[in-house]
Structures are given as C-alpha cells and as structure tokens.
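Note sheet for the following structure.
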2 protein chains.
Amino acid sequence: MPTLERSNPLPLYYQLKEVLKEQIHAGHLAPHTSIPSEPELVNSYHVSRATVRQALAELVHEGLLYRQHGKGTFVCEPRVQQTVSILTSFTEEMKRRGKRPGGILLISELVRGSETIRRQLQVTDTEQLIRFERLRTADGTPIAYETDYLPYPRAAAIYGRAREVAEGSLNSLMIAEGLTPSIIEQKLSADRANKREVELLAIAPDEPGLRLFCILFEQTGAPIACSESFYVGSRYAFEVTLRSGR
Amino acid sequence: MPTLERSNPLPLYYQLKEVLKEQIHAGHLAPHTSIPSEPELVNSYHVSRATVRQALAELVHEGLLYRQHGKGTFVCEPRVQQTVSILTSFTEEMKRRGKRPGGILLISELVRGSETIRRQLQVTDTEQLIRFERLRTADGTPIAYETDYLPYPRAAAIYGRAREVAEGSLNSLMIAEGLTPSIIEQKLSADRANKREVELLAIAPDEPGLRLFCILFEQTGAPIACSESFYVGSRYAFEVTLRSGR
DNA sequence: CAGTGGTCTAGACCACTTC
DNA sequence: AAGTGGTCTAGACCACTGG
C-alpha cells in the first residue's frame, strides 16, 4: 500500500485522491465493489477523517465513486467515470477517441469583427480582435471548419505564436499564456454548410451538419475567446455525459 | 438577516446555502462583489467554519460563487450561474426558456425491442420493454419527435401511469416512482428526418435536424431508460454550459 | 502587517443499513 | 448491536493577497 508524504508539497487529501484513482484505473477496485470505509482509510493512511472525506467528496463529484448511507462507498462503472466532453478541446477529444488530431491554419489576422462578437468578448471601442480560420482534421479527414476570435491586446501573446495554432492546440496555447478557460458556453444547432465550408470540407451542398457557437470564460466570468464551427454531420457526433445532483 | 434553525431537520450547511442563494438571486449580492468572509459568516450564523466551508464549496461547485486565495469569495456572473442543460428534461428546459411545454403521447406499448437497446438497458432475455412515442411541443409548435424505452418489470409503475406521460413529464414521473436519473449519456448528431418524422413534424423531407440518443442511469450506473429523438433544426438549438476544473 | 481562503486535526453525535 | 456515511464543533497552522 502506498503511503502519503507529509513532506510532499501536495495536500494530503490530494495525494489520497491520486492513490485511489490509481487503484481504480488499474482495476484493483472493480466497479460496484466497495472501497475501504472512512475509519479504515483513516487508519491506513494516518490522516484525519475530514481529510479522507474531502478526498472522497471530490472523487464522488468527479464520478469515480458513489456513496450509500449506511452501506459504504463504491466504485462507479467506467461509463459513469467518463469526462463530460462536448468539445472543450477538439485536439483532446480526438485523442480520447483514438484518432489523430490535425489541422490547417488558413488565416490569422487582426480585424474589427461584428458587433455581436465584440459584445460577447466585451472589448472597448478601439480594441481589435484576433481572428483564426482553421480546418480541423481527424486521421487526415477534414471534420470541421472553425473560426476563432480573441481580444487583441489581451491575447497578444497568442497572436505572436499563431504558427503553433496550426497544429490545433489553441486551447493548450491559451492555458500556457495564462488565459485558462473555466466556463464554456455552447450553442449547438443543425444547419447546412455555406459555400466556403462546402468547398473546404469537400461535401455536398445540402449535407447536414452541426453548427457550434462557443464562448470561453475565465473563472471570474471574463470572456477570453469565442468561436463558430461547422461539423460535417456524417463525420462527427457530439458526446456528452452529465452528472446531475452535483 | 435570516437565522438558521437548529430545530430544522435540514442540515445547517444546507440552510446556509439556501440563504446565500436567496440573497444572490434577489440581487442583494451583485456579480463580482464579495460575500462576507468565512469568519464573518461563522459569527453571523453561529456555526463552525467547517459548516460554512461546506456550504461555500457546494455553491462554488454549482457555479454561484468563485474564490480567490487571499482575496475573498465572489458572486459569479449570471451566465456562469446557468445550469448545464443539454436536455435533462425537455419540460424543464422549455420552462427555463419561457416557452409552454406540451406533447402528445402517440403510442404506449410493451415490446421486445432491438438487441442494441436491450443491451443498453441490460434486461434479461425474457424481460420486455415499455415503449412510448411522443410528439413534443413548445407554445403549441411541434419541436421534436421522441421514442422512449424503459425496462418493463422495473418501471411497471410508469407504464401504469402512462396517461400522465402525455403531458410530457416522463422525467418527473420517473423521479416520483423512485427511478432517479443521475447520469445522462448523450450522443448528438446532424441528420435528416425519416418519413414518419417528416409527417408528424410537418417539415420538408430534406430539413436538417438533430438526432439525440440518450441513456439515463441511476447513481450506481444501472440504466433506467433510453430514448431517441429528432429535433427540427430550424426550431430548436441545444445550449450547454460547462464548468471545467470541477 | 492583517485579512483572506486552504489544509488538517481529534473529537462528537446522528441516521441509515445489516444482522 | 455494530458498522457505515452525514453533520458539526473548536481549534490549529499555512499560503496568498493587499496596504
């Protein structure tokens, strides 16, 4: 049994979480089997009950465990453990699905942008917007056509590293530059492709697809990016797993 | 200032949550303003710091508050406070959007069902499935066509109250019968309508729409229902708000 | 420096489940 | 009755933020 390190800068409850996660993912704890009780964990790891409970509460929130009053704490089924994923990151999602993510950066420029987008990004009247146009691929097949907007003076570092966006890693680039998306607001509708999309995605003009509008916010609610994408219907479906009673 | 009742069967941390929620929704605490600090709440409500922290932690999880180490606890913007809602309940979602939800129960029957659906609902070889077919409307306009499946012996009470499903409240009926959906797995793709959908929804044969496959699970991961729906693209768009770093 | 939230302890009592 | 998780207390020390 691994032990928790008090010299480790990571908190004890976090270390305990990692240990339990590791045991679940390694298959040492099968779905619907109970994990050790709170007093047992207290004795095994030499921490207080409050620390154990903080670790367990977070794992319940993350969908790895469920608890039943008077009975015990149990391991969730793998399907329940899935992360929520209606495209927080195209690149990450493709990897999750076992596909090779790729892309082409078609345009990167500074523009004024429409009033709607300016309002969404809450820019002042004189500020400009960074605009990227990207073709996104999975295993080499074009899947979607995406346009991204970021507020210029704020995301200037991103614009300077535009070449890296070509590889499809805008999301990780934003995190690296200190613009961490914490809230994602999305609107998803069925639509037909426009001319440019038909051409670049090489599809029939009446092929149905999914149009996704997306606004990213920081934890505080400050907008840091927005995007519009068209996903070819026959090549991509969104998957979402939600846990209620959070 | 409201006080917490120790005679109240509801836990103190829960009562404190309700008080804070009430103050936020009433607008007494504006977005990005700080709420009282932990010691202040301890003194005001005569509870321990752990109780205060449990209340605050849950409100952070629900997207009502955010915290900054060393600075304070702040009220999130309304948009961040939105509930995640890619259709956990059509009826509830329509109310949220200010539309009058309605529906027509076209069919309620017991069937064997396809092997795919039987596998998803994990029924034994001899068990039957309840099958509902529903037209779902908002302000009288047909929005979607939905087929629901539930395992028969388990959801027998639902079948007995099938008439109530007509009003579109299958979700609340399930909760009332002790089948509480806790995890929702959804797959959303762009598609064309089939003949029956074209007819019942009164749309053009090539009108694009959203096809939603949905499986509901209990907290334990046991499946309790699944459904397939077709939403008319020009009449409905899905909205999702996600909070990462949960 | 004082004030904030982040982590942690060692207890206590209760409600629910199982036997 | 024994074991489980649910709630609650009264402390403690730390790390981060601001003036």
Side-chain angles (χ1 to χ4, degrees), chain A residues 3-20 29 32-61 64-76 178 180 182 218-220 245-246, chain B residues 3-20 29 32-61 64-76 178 180 182 218-220 245-246:
Chain A
T3 56
L4 311 184
E5 291 299 331
R6 297 190 112 81
S7 57
N8 191 325
L10 290 172
L12 293 173
Y13 80 89
Y14 189 87
Q15 293 184 50
L16 179 53
K17 270 180 71 178
E18 292 297 308
V19 169
L20 293 171
L29 294 168
H32 300 298
T33 58
S34 68
I35 67 163
S37 69
E38 293 182 0
E40 281 170 350
L41 291 170
V42 165
N43 291 328
S44 301
Y45 293 97
H46 307 102
V47 290
S48 72
R49 193 176 159 211
T51 302
V52 167
R53 282 184 62 78
Q54 180 166 6
L56 296 185
E58 295 197 4
L59 291 172
V60 168
H61 255 302
L64 289 167
L65 300 175
Y66 64 92
R67 319 194 75 177
Q68 292 187 351
H69 197 170
K71 296 178 84 171
T73 305
F74 306 87
V75 179
C76 282
T180 309
S182 183
E218 287 185 301
Q219 196 197 14
T220 60
R246 318 196 312 156
Chain B
T3 56
L4 310 185
E5 291 299 331
R6 295 190 113 81
S7 57
N8 191 325
L10 290 173
L12 292 172
Y13 80 89
Y14 189 86
Q15 292 183 51
L16 179 53
K17 270 180 70 178
E18 292 298 308
V19 168
L20 292 171
L29 294 167
H32 301 298
T33 57
S34 68
I35 67 164
S37 69
E38 295 183 1
E40 282 170 350
L41 291 170
V42 166
N43 291 329
S44 301
Y45 293 97
H46 308 102
V47 291
S48 71
R49 191 175 162 214
T51 302
V52 167
R53 281 184 63 78
Q54 180 166 5
L56 296 185
E58 296 197 4
L59 290 172
V60 168
H61 255 301
L64 288 166
L65 300 175
Y66 63 93
R67 321 194 74 177
Q68 291 188 351
H69 198 169
K71 297 180 84 172
T73 305
F74 306 87
V75 178
C76 283
T180 309
S182 182
E218 288 185 298
Q219 196 196 16
T220 61
R246 318 196 313 157

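Convention: sequence-line order gives letters A, B, ...; per-chain numbering from 1.
- For B/R53, whose side chain is taken as the heavy atoms from C-beta onward, the closest listed nucleotide among D/dT17, C/dT7, D/dG6 is C/dT7.
- An OP1 or OP2 oxygen of D/dA10 is reached within less than 4.0 angstrom by no side-chain nitrogen or oxygen of B/S48.
- Among the nucleotides C/dG6, D/dT7, D/dG5, the one closest to the side chain of A/P39 is D/dG5.
- The two residues B/H32 and B/F74 come nearest to each other via the heavy atoms O-CD2, 3.7 Å.
- Regarding contacts with the backbone of D/dG5, a side-chain N or O of A/T73 is found under 4.0 angstrom from either OP1 or OP2.
- Taking atom OH of B/Y45 as the reference point, atom C1' of D/dC8 lies 18 Å away to the nearest angstrom.
- No engagement by B/L56 is indicated, since no non-hydrogen atom pair under 4.0 Å with the nucleic acid exists.
- Residue A/E38 has its side chain nearest to D/dG6 when only C/dG6, D/dG6, D/dC8 are considered.
- Between B/L16 and B/L20 there is a side-chain heavy-atom pair separated by less than 4.5 Å.
- A close approach under 4.0 Å does occur between a side-chain nitrogen or oxygen of A/K71 and OP1 or OP2 of C/dT18.
- Between B/V47 and B/L4 there is a side-chain heavy-atom pair separated by less than 4.5 Å.
- A donor-acceptor contact under 3.5 angstrom links the side-chain atoms of B/R49 to the base of C/dT7.
- Across the protein-nucleic acid pair, A/Y13 atom OH and D/dC13 atom P stand 21 Å apart, rounded to whole Å.
- One atom, CD of A/E40, and another, P of D/dG3, lie 10 Å apart when rounded to the nearest Å.
- Taking atom CD on A/Q68 and atom P on C/dC16, their separation rounds to 14 Å, with Å as the unit.
- Side-chain atoms of A/T33 never come within 3.5 Å of backbone atoms of A/L29 as a donor-acceptor pair (strictly under, hydrogens ignored).
- Using a 4.0 Å cut-off, no side-chain N or O of B/R6 falls inside it from OP1 or OP2 of D/dT7.
- Candidate nucleotides C/dT18, D/dC8, C/dT4 were compared by shortest atom distance to the side chain of B/S37, and C/dT4 ranks first.
- Closest approach of A/E5 to A/L12, counting heavy atoms only: O-CD2, 4.2 Å.
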